[in-house]
Amino acid sequence: MTEVTLAVVGGGLRGLTYARHAHATGAGRVVAVAEPDPRRRAAFAAEFGVRAESAFPGWKELAAADRLADAVVIATQDQLHTDPAVALADLGYHILLEKPMAPNEREAARIAEAARRNGIMLAVCHVLRYTPYTRAVRDLLDSGRIGRLISAQHLEPVGWWHQAHSFVRGHWRREDTSAPMLLAKACHDIDWLVHLFGRPPARVSSFGSLSHFRAEDRPASAADRCVDCPLEPSCPYSAPRLYLGCLGDPSSEFWPLSAVTPGRTREAVLEALRVGPYGRCVYACDNDVVDHQEVVMEFDDGATCSFTMSAFTPMEDRRTRLFGTHGYVDGDGRTLRVVDFRTGEEELVDTTAWGASEEASSAGAGAAEGSAGASAADGHGGGDEGLVDAFLAAVASGDPSPLRSDAFESLMTHRVVWAAEQARRTGSVVTFRPHA
């Protein structure tokens with residue numbers, strides 16, 4: 001495969017993840033980075049051998065240098081995607097864009113139109129489409145093994161500590177600085193469900209709220225910070241328990257600890273919890289995103305789908321049940337239990353190596369990795385690697401077929417999310433128009 005040169009805008013967790021896999025496979029080489037944090041920028045440049053003149057403080061400086069690479073990874077915060085995506089598309093970069101595309105429909109449509117106008121490939125990082133598990137589920141449905149898909153139930157178990165880390169104390173805690181939680185966290189899942197059904201829904205409804213992580217639920221004797229709180233040892237959301245427990249584990253030090261402090265000592269962690277946002281009591285933060293939400297979709301043939309996103313779970317693989325006219329599937333992110341109504345027989349399908357040879361030959365050596373876990377630190381069940389491999393293969397060949405969605409399909413599934421948010425806020429059932 002021809003080596004693809006890459007620029008990376010945003011040198012945090014997601015930018016590093018994609019760059020490291022591209023570098024490890026040899027299919028991609030990072031030649032430029034744009035990152036406003038000087039410490040992070042220097043570390044990123046040193047890791048990938050980026051020359052000093054190609055390490056920029058922001059995307060505008062990268063764009064001013066004309067086109068330095070075949071493609072760019074845009075992994076900035078949610079509200080900072082649109083301008084760099086449009087500007088770099090206009091320069092002819094192919095784009096790997098972290099989800100969500102943009103915080104609102106108008107900006108996402110601008111990005112999709114820029115991709116079309118410039119004839120570039122743009123892949124949104126809907127990594128769930130690229131897992132071996134998804135490949136197995138889609139093949140099972142396409143084969144007709146369970147007949148026509150009549151309904152589905154899907155659970156995203158956010159995880160109690162993950163909610164506290166990212167959506168109560170962290171960057172994604174507020175809609176005005178990030179996005180609604182359904183967009184920031186679960187546009188993955190809405191996209192995945194539409195992908196399984198093979199078409200957008202006809203009608204959408206939704207319910208959900210911020211029910212627990214608020215001042216009304218704060219215990220009377222709780223302190224503003226965990227390090228000062230007499231209840232900390234027994235609190236499920238203890239910051240010292242979570243972040244001190246990361247020390248010594250490289251995966252946990254990469255995430256979530258890297259968001260809290262660059263230090264890797266007990267003293268550094270405790271100091272960060274004394275002064276930084278991740279040491280705050282979960283009942284004394286400025287968060288406003290929901291901690292649980294339901295979305296119900298109805299399709300044009302009467303098929304239905306229900307999606308649950310909840311903070312009040314362990315953090316683990318998504319769970320899905322598929323109900324067909326000839327069979328039933330119960331999946332846990334790795335294994336599928338398939339029941340055939342015609343014979344009564346049951347089969348357990350291990351999907352971790354599903355399609356390994358075909359995936360590897362079409363999209364690079366790491367595409368079918370299935371041993372990774374569900375979290376961002378663990379590669380989203382092989383989805384991170386599969387996405388990067390597919391993107392690099394598409395750019396190297398000039399053929400978009402390895403990509404499992406384009407800019408306009410991603411825009412459509414984002415529109416489902418916005419329809420669900422409209423339904424939740426207005427208490428209505430929204431008729432979905434995919435090209436509105």
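Both backbone and side-chain heavy atoms feed into the values below; hydrogens, waters and symmetry mates do not.
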Q.
Under a 4.0 Å threshold between the charged nitrogen and the carboxylate oxygen, would Arg14 count as salt-bridged to Asp384?
A. yes
Q: Determine, for Asp330 against Arg319, whether the closest basic-nitrogen to carboxylate-oxygen distance falls under 4.0 angstrom.
A: no
Say whether, by atom type as modelled, one donor and one acceptor occur between the side chain of [X] and the main chain of [Y] under 3.5 angstrom.
{"X": "Gln79", "Y": "Ser178", "value": "yes"}
{"X": "Ser310", "Y": "His292", "value": "no"}
{"X": "Asp70", "Y": "Thr5", "value": "yes"}
{"X": "Arg264", "Y": "Glu253", "value": "yes"}
{"X": "Asp301", "Y": "Ala303", "value": "yes"}
{"X": "Arg266", "Y": "Val269", "value": "no"}
{"X": "Arg424", "Y": "Ser206", "value": "no"}

Q: Describe, in one word, how the ring planes of Phe213 and Phe312 are oriented to each other, choosing from parallel (under 30°), tilted (30 to 60°) and perpendicular (over 60°).
A: parallel
Q. Do the rings of Phe323 and Tyr328 sit parallel, tilted or perpendicular, given the 30° and 60° boundaries?
A. tilted
(Q) Between Trp418 and His414 (judged by ring centroids, cut-off 6.0 Å), do the two rings come close enough to count as a pair? (A) yes
Q) Is the distance between the ring centroids of Trp172 and His162 less than 6.0 Å? A) no
Q.
So if I apply the side-chain contact (heavy atoms from CB on, under 4.5 Å) rule between Ile111 and each of Asp83, Ile95, Leu411, Leu122, which one comes out positive?
A. Leu122
Q: For His212, check side-chain hydrogen bond (donor to acceptor under 3.5 Å, both in side chains) against everything at least two apart and list the hits.
A: Tyr283
Distance-only donor-acceptor hits, side chain of residues 27-40, under 3.5 Å, sequence neighbours excluded:
residue: Arg29; atom: NE; partner: Glu3; partner atom: OE1; Å: 2.9
residue: Glu35; atom: OE1; partner: Gly11; partner atom: N; Å: 2.8
residue: Glu35; atom: OE2; partner: Asp37; partner atom: N; Å: 2.9
residue: Asp37; atom: OD1; partner: Arg39; partner atom: N; Å: 3.0
residue: Asp37; atom: OD1; partner: Arg40; partner atom: N; Å: 2.9

Q. Without hydrogens or angle criteria, can the side chains of Gln293 and Glu421 be said to hold a donor-acceptor pair below 3.5 Å?
A. yes
(Q) Is it true that Thr308 and Glu294 share a donor-acceptor pair across their side chains at a distance under 3.5 Å? (A) yes
